[in-house]
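First the structure, in the form of structure tokens, and then the observations on it.
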Amino acid sequence: MRTILAGNWKMNKDATEARALLTAVMGRSCKAPTGVEVVVAPPFPYLAMAVELAAVARDCGVVAKVAAQNCHHKENGAYTGEVSVPMLRSLGVDACLVAHSERRQYFGETYALAADKIHLLLQYGMEPILCCGEGQEERENGSFNAVVERQLRGALATVDRKDYARLVVAYEPVWAIGTGLTATPQQAQDMHAHIRGTLVRIGGEAAREVPVLYGGSCKPDNAEGLFNMPDINGGLIGGASLEADQFLALITAAGRAKQP
Ligand code: 13P
């Protein structure tokens, strides 16, 4: 099973800061424990820079990948201001977040739209990182398992079984994102086991190997408990991915937790 530590920068950093952070993360990840895939998801203007700097980590044997935070669901055309999957692919971008809760919350994105994006990403040989997760009310009223299952079914209905090898799922409970509240390791483990079971019901046995990442106020001081859980295969990190020291500490924590 792959272990992945991904940093979602969201809408942060200017170009100088972006270069400094990418240089530090890619350079220093060479010294981090091996076996962890390092993914950075900076804003669109820095993707080419990230592809160039990820080569530094690749040269020293780290599996380093670059992800976009979003893409359009159509291949090309008159969609002013949008960025297409073929554009990302042609830059050397490896992966793309899909259905992040902030896209759902602020831009009205649905899982039907996510299905279209995933289809295109797979067609272009990229890895979709599909985000799912319940809101606060759904956590409190106990509907969270059903909600997440519906999200996954909506996004994955048309995915070919052979393509599960290129899928990554991130569980990000909305109530834990940027709030300082984290799911307990047991809450996260229970949901990750549910997600894995759901993936296998939708996609068959091949889907058992889909890495399922945890996201939501994951920091160096709470990561170990989460990463030690059997169905948690790494993290999708927001705030703590903006500081090289913290992001590197999380790579190390993921590597330590997943050592055989
Ligand atoms: P935080 O780590 O800032 O809570 O963000 C999580 C997230 O949304 C990553 O995609």
Side-chain angles (χ1 to χ4, degrees), residues 3-13 17-18 21 25 36-44 46-47 50 65-71 93-107 109 111 114 117-118 121 127-136 138-139 144 147-148 151-152 155 167-185 187-188 191-192 195 210-227 229 232-254 257:
T3 301
I4 301 172
L5 210 280
N8 172 12
W9 296 10
K10 308 191 179 182
M11 197 174 72
N12 292 294
K13 303 289 180 191
E17 293 164 343
L21 180 55
V25 165
V36 179
E37 279 182 34
V38 177
V39 181
V40 286
F44 286 133
Y46 314 137
L47 285 171
K65 294 184 179 172
V66 176
Q69 296 174 18
N70 187 30
C71 61
V93 173
D94 307 284
C96 185
L97 303 185
V98 177
H100 189 278
S101 73
E102 288 146 19
R103 301 293 317 166
R104 289 181 270 137
Q105 199 176 337
Y106 304 127
F107 302 96
E109 292 196 2
Y111 281 92
K117 294 184 180 190
I118 289 172
L121 287 163
E127 289 187 10
I129 304 174
L130 170 64
C131 303
C132 61
E134 79 285 358
Q136 172 114 44
E138 295 155 337
R139 172 55 56 175
F144 47 88
V147 166
V148 169
Q151 294 173 337
L152 295 174
L167 180 72
V168 176
V169 170
Y171 169 57
E172 300 206 308
V174 179
W175 47 272
I177 296 177
T179 57
L181 295 173
T182 332
T184 65
Q187 277 175 326
M191 178 57 87
H192 281 230
I195 289 171
V210 171
V212 185
L213 316 183
Y214 172 79
S217 298
C218 185
K219 312 280 179 199
D221 61 1
N222 61 23
E224 199 183 323
L226 290 159
F227 293 164
M229 288 295 171
I232 300 185
N233 310 117
L236 178 56
I237 314 300
S241 73
L242 298 174
E243 296 284 338
D245 285 351
Q246 290 198 39
F247 194 59
L248 265 297
L250 286 164
I251 296 172
T252 303

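Counting starts at 1 for both ligands and their atoms, following the listed order.
Applying the salt bridge (charged side-chain N to carboxylate O under 4.0 Å, His left out) rule to E127 yields the partners R2, K65; only residues at least two apart in sequence or on another chain are considered. Residues forming a ring pair (Phe, Tyr, Trp, His ring centres under 6.0 Å) with F247 (at least two apart in sequence, or on another chain): none.
Residue-ligand proximity, G216 to ligand 1, at heavy-atom distances under 4.0 Å covers atoms 4 (O), 6 (C). Near H100, meaning under 4.0 Å from any of its heavy atoms, are these atoms of ligand 1: 7 (C), 8 (O), 9 (C), 10 (O). Those atoms of ligand 1 that come under 4.0 Å of a heavy atom in A176, given as number and element, are 4 (O). Listed by atom number, the atoms of ligand 1 under 4.0 Å from N8 heavy atoms are 9 (C), 10 (O). Which parts of ligand 1 touch K10 is read off a 4.0 Å heavy-atom cut-off, strictly below it: atoms 5 (O), 6 (C), 7 (C), 8 (O).
A donor-acceptor contact under 3.5 angstrom links the side chains of H100 and E172, judged on distance only. Under the 3.5 Å distance criterion, with hydrogens and angles disregarded, a donor-acceptor pair is assigned to the side chains of N222 and T182. For the residue pair E134/Y171, the side-chain donor-acceptor check at 3.5 Å is satisfied.
Among protein heavy atoms, atom 2 (O) of ligand 1 sits closest to G238 N, 2.9 Å. Among all protein heavy atoms, the one lying closest to atom 9 (C) of ligand 1 is E172 OE2, 2.8 Å. Of all protein heavy atoms, the one closest to atom 3 (O) of ligand 1 is G239 N, 2.8 Å.
V98 and L121 make their closest contact through CG2-CD1, 3.6 Å (heavy atoms, listed as atom of the first residue, atom of the second, distance). Nearest approach of A50 to P42, heavy atoms of both residues: CB-CG, 3.9 Å.
Residue contacts with ligand 1 for S241 are absent, since no atom lies close enough (heavy atoms, distance under 4.0 Å). Under 4.0 angstrom from ligand 1, the non-hydrogen atoms of L236 come from both its backbone and its side chain.
Side chains of V168 and L130 form no contact here, defined as non-hydrogen atoms less than 4.5 Å apart.
Across A240, G215, S217, heavy-atom proximity to atom 1 (P) of ligand 1 is greatest for S217.
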